[in-house]
Chemist: 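Can you keep this structure in mind? I'll have questions shortly.
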2 protein chains.
Amino acid sequence: MRPKITLKKIAKEFEVSISTVSKALKDSNEISKDLREKIQAFAKLYNYKPNSLAVRLQNQQTKVIGVVVPDIVHHFFSMVIRGIEEVTNKRGYNVMICLSNESFDKEVMNIDMFTNGSVDGLIASISKETQRKNDYSHFKNLLEDDFPLVMFDRINEDFNCDKVIIDDVSGAMNATSHLIETGCEKIALVTTPNEITVGALRKKGYVKALQSHGLEADTNLMVEVNEKQSIREQIEELFDRNVPDGIFAVNEVYAVTAMNVAREKGFKIPEDISVIGFTDGPISQLALPPLTTVVQHGFTMGKQAAELLLDRIESKEDIQPQKIVLSTNLKIRKSTKSV
Amino acid sequence: MRPKITLKKIAKEFEVSISTVSKALKDSNEISKDLREKIQAFAKLYNYKPNSLAVRLQNQQTKVIGVVVPDIVHHFFSMVIRGIEEVTNKRGYNVMICLSNESFDKEVMNIDMFTNGSVDGLIASISKETQRKNDYSHFKNLLEDDFPLVMFDRINEDFNCDKVIIDDVSGAMNATSHLIETGCEKIALVTTPNEITVGALRKKGYVKALQSHGLEADTNLMVEVNEKQSIREQIEELFDRNVPDGIFAVNEVYAVTAMNVAREKGFKIPEDISVIGFTDGPISQLALPPLTTVVQHGFTMGKQAAELLLDRIESKEDIQPQKIVLSTNLKIRKSTKSV
DNA sequence: CTGTTAGCGCCTTCAG
DNA sequence: CTGAAGGCGCTAACAG
């Protein structure tokens with residue numbers, strides 16, 4: 001790579017001091033107009049840009065924020081990232097993304113890396129493995145140092161930091177209620193294992209909705225999908241045990257898979273079985289029939305998380321950590337009966 | 001945020017010089033074992049980490065690479081990013097991602113930002129708007145400075161830089177040939193406008209396959225989707241003009257949309273109409289029937305791009321730019337007839 | 001064994 | 001109007 005042009009080199013070129021050049025480039029009228037213009041022209045010609053590392057070292061701030069997400073090949077997370085990008089860019093920051101790939105070790109490494117001064121703050125969502133291990137010491141260290149941290153979606157309630165989540169319980173309640181109100185009586189739940197907090201919360205909402213409508217929660221109608229095995233087979237087993245007339249699934253993939261299983265077994269959607277998913281991505285939109293779903297507003301979530309983080313970074317005083325709870329809404333399409 | 005601990009502070013604590021501390025932390029035996037251990041213990045206690053900015057400024061390398069992609073909410077691009085992450089992390093680098101959102105201006109800004117010394121090299125894929133405007137001066141500037149650059153997928157053939165692409169023409173040929181060989185005679189093409197290079201190449205492959213089988217390319221059977229309007233309606237218009245018995249679409253969304261339109265018009269897939277898509281994402285896998293598709297190997301592409309870039313960054317001598325062409329393969333599922 | 005010095009690229013007083 | 005000096009945090013060569 002061609003060596004970059006620096007203040008020093010420009011200074012040598014004009015046989016003036018570095019600080020003169022620096023001022024000239026800042027268009028300071030401490031410098032004669034003549035010299036200023038010459039230096040500026042020269043700098044433009046050679047495409048001078050202040051070395052960002054030097055500037056950051058000087059200012060003791062990087063104008064970069066770190067993002068740690070479990071996965072990027074996932075509509076929800078990529079929407080969140082898009083939201084984060086949107087506001088950080090608008091506010092003059094850049095984004096450095098690291099993927100934990102749902103792995104505890106990688107998450108720890110990522111966080112460790114980020115705290116060496118390369119970013120001004122962090123936005124994170126916890127990996128599944130971390131949730132299973134229930135070991136959050138890496139995050140706790142951050143908080144002890146008052147490192148600006150915002151967690152989203154997969155959070156830990158105990159942390160005293162900014163959080164942005166959706167109201168999973170209500171979302172699931174609404175979905176389940178909708179199924180009940182459109183005539184379903186045997187509603188299955190397709191969810192994650194309980195360690196995944198959002199799965200647990202959505203299950204809670206599901207159970208609550210059943211109870212408030214006087215229905216029993218029947219474990220025979222619930223599947224906790226083990227992602228190490230075939231999702232499809234686990235749902236087929238549900239059908240073998242007990243055929244539902246409604247299905248609430250905690251994500252798109254489970255929902256569409258359930259729908260496909262149902263159809264292959266000869267059931268009609270929504271006439272025989274209604275299905276509702278969670279997260280409004282292309283999979284839901286392009287499914288046939290298009291999937292009724294709980295819309296999760298990942299983009300908004302990303303924007304809010306970024307706003308919280310930048311506010312914290314830029315504020316002089318301590319500010320109390322906030323918890324923002326975004327409400328979901330039910331996008332009714334064709335996989336459920338009309339009222 | 002709690003002020004970070006520095007060598008200086010540790011030095012003051014022990015009333016030694018900064019370089020003593022530096023050496024002690026590097027476990028240099030220039031320093032007495034006793035002092036070394038004390039300093040190390042202290043550093044660990046206070047969770048000392050060298051300030052990465054200072055180190056990078058010193059070393060004149062950031063160990064960060066920049067990635068500019070048009071979109072992240074897109075299975076192919078997120079797979080590429082995952083591939084990039086995989087090898088960069090393995091080789092001790094981090095990744096900074098910027099989204100151009102398919103916008104020319106944002107792309108220019110991103111690239112501009114990246115060349116201020118914050119990254120050692122760049123991996124990029126061109127935005128649609130840039131392809132339409134056909135203005136590549138921002139990339140050309142990079143090349144003039146010998147800035148390490150690898151382009152992938154949406155590239156410009158004229159650039160003298162490393163490139164990783166897939167063999168779009170062959171991929172499209174294979175897909176189209178497969179349709180022909182399984183009995184289709186009126187094969188429609190659903191593609192992008194011609195400015196999008198990969199769309200143009202896939203169209204070329206489609207036409208080639210038709211010709212080599214003695215079939216005419218019929219513009220009446222082609223749709224160039226204008227994404228500003230409804231994709232679905234544009235495909236419906238195709239059906240109104242001319243009902244095909246096979247459809248080759250240049251991406252997942254077009255393919256599944258086409259399939260859905262066909263079914264709603266009462267056609268059976270694959271009995272009446274066969275459909276093949278491009279890019280093997282969840283949308284294809286979860287479609288009903290699961291979509292036969294040209295597999296694009298985004299993960300591999302990302303890995304290769306990153307290897308090329310890091311090799312270039314780390315090499316002392318000039319190395320000739322390489323062009324890696326990844327071949328695709330046809331993943332046959334249920335949306336096409338068997339031979 | 002420990003310290004001094006210089007320098008990475010930049011910026012900001014403060015002198016002249 | 002211009003320049004010298006000091007400092008951001010760290011490393012490395014060189015003294016002592």
Chemist: Taking for each residue the nucleotide of DNA chain D bearing the nearest heavy atom, is the 5' side occupied by A:E30 or by B:I5?
Modeler: A:E30
Chemist: Please report, rounded to the nearest Å, how far the C1' atom of D:dT2 is from the CD1 atom of A:I18.
Modeler: 14 Å
Chemist: With a 4.5 Å heavy-atom cut-off, do B:I65 and B:I123 have their side chains touching?
Modeler: yes
Chemist: With side chains defined as the heavy atoms from C-beta onward, is the minimum distance between B:Y136 and B:Q131 less than 4.5 Å?
Modeler: yes
Chemist: Are A:M1 and B:P148 packed together at the side-chain level, in the sense that at least one heavy-atom pair is separated by less than 4.5 angstrom?
Modeler: yes
Chemist: Closer than 4.0 Å, any side-chain N/O of B:S17 to the OP1 or OP2 of C:dG3?
Modeler: yes
Chemist: Counting just side-chain N and O atoms, does B:S19 come under 4.0 Å of either OP1 or OP2 of C:dT2?
Modeler: no
Chemist: Where each residue is assigned the nucleotide of DNA chain C containing its nearest heavy atom, which of A:Q58 and B:S32 is assigned the position nearer the 5′ end?
Modeler: B:S32
Chemist: Measure CG/A:L7 against P/C:dT12 and give the value in whole Å, please.
Modeler: 12 Å
Chemist: Please report the end-to-end axis angle for the helix from C:dC1-D:dG16 to C:dG16-D:dC1, five pairs per end, rounded to 10 degrees.
Modeler: 60°
Chemist: Using a cut-off of strictly less than 4.0 Å, decide whether B:K8 has a side-chain nitrogen or oxygen near OP1 or OP2 of D:dC8.
Modeler: yes
Chemist: Counting just side-chain N and O atoms, does A:K26 come under 4.0 Å of either OP1 or OP2 of C:dC11?
Modeler: yes
Chemist: Could you tell me the separation between the CD atom of B:E37 and the C1' atom of C:dC1, rounded to a whole number of Å?
Modeler: 15 Å
Chemist: Should A:P70 and A:S125 count as side-chain neighbours, where that means a heavy-atom distance under 4.5 Å?
Modeler: yes
Chemist: B:T130 versus B:F104: any side-chain heavy-atom pair under 4.5 Å?
Modeler: yes
Chemist: Can you see if the side chain of B:Q60 gets near the phosphate of C:dG9 - specifically, an N or O under 4.0 Å from OP1 or OP2?
Modeler: yes
Chemist: Does B:S22 make a side-chain N or O approach to OP1 or OP2 of D:dT11 shorter than 4.0 Å?
Modeler: yes
Chemist: Rounded to whole angstrom units, what separation is found between the CG atom of A:L53 and the P atom of C:dC10?
Modeler: 10 Å
Chemist: Would you call A:D145 and B:R2 a salt bridge, taking side-chain N to carboxylate O under 4.0 Å as the test?
Modeler: yes
Chemist: Rounding to a whole Å, what distance do you find between B:L57:CG and C:dC11:P?
Modeler: 12 Å
Chemist: Once you round it to whole Å, what is the distance between C1' of D:dG3 and NZ of A:K12?
Modeler: 17 Å
Chemist: In whole angstrom, what separates A:I31's CD1 from D:dG3's P?
Modeler: 8 Å
Chemist: Among the nucleotides C:dG9, D:dA13, D:dC10, which one has an atom lying closest to any side-chain atom of B:K23?
Modeler: D:dA13
Chemist: Could you tell me whether B:L35 contacts a base, only the sugar-phosphate backbone, or nothing, with contacts defined as non-hydrogen atoms closer than 4.0 Å?
Modeler: sugar-phosphate
Chemist: Between C:dC1 atom P and B:E15 atom CD, what is the distance in whole Å?
Modeler: 21 Å
Chemist: By side chain to side chain donor-acceptor pair (under 3.5 Å), which residues pair with B:N89, not counting sequence neighbours?
Modeler: A:K106
Chemist: Should B:R91 and B:E307 count as side-chain neighbours, where that means a heavy-atom distance under 4.5 Å?
Modeler: yes
Chemist: Given C:dG3, is OP1 or OP2 found less than 4.0 Å from the side-chain N or O atoms of B:T20?
Modeler: yes
Chemist: Would you tell me if any nitrogen or oxygen in the side chain of B:Y48 comes within less than 4.0 Å of OP1 or OP2 on D:dG9?
Modeler: no
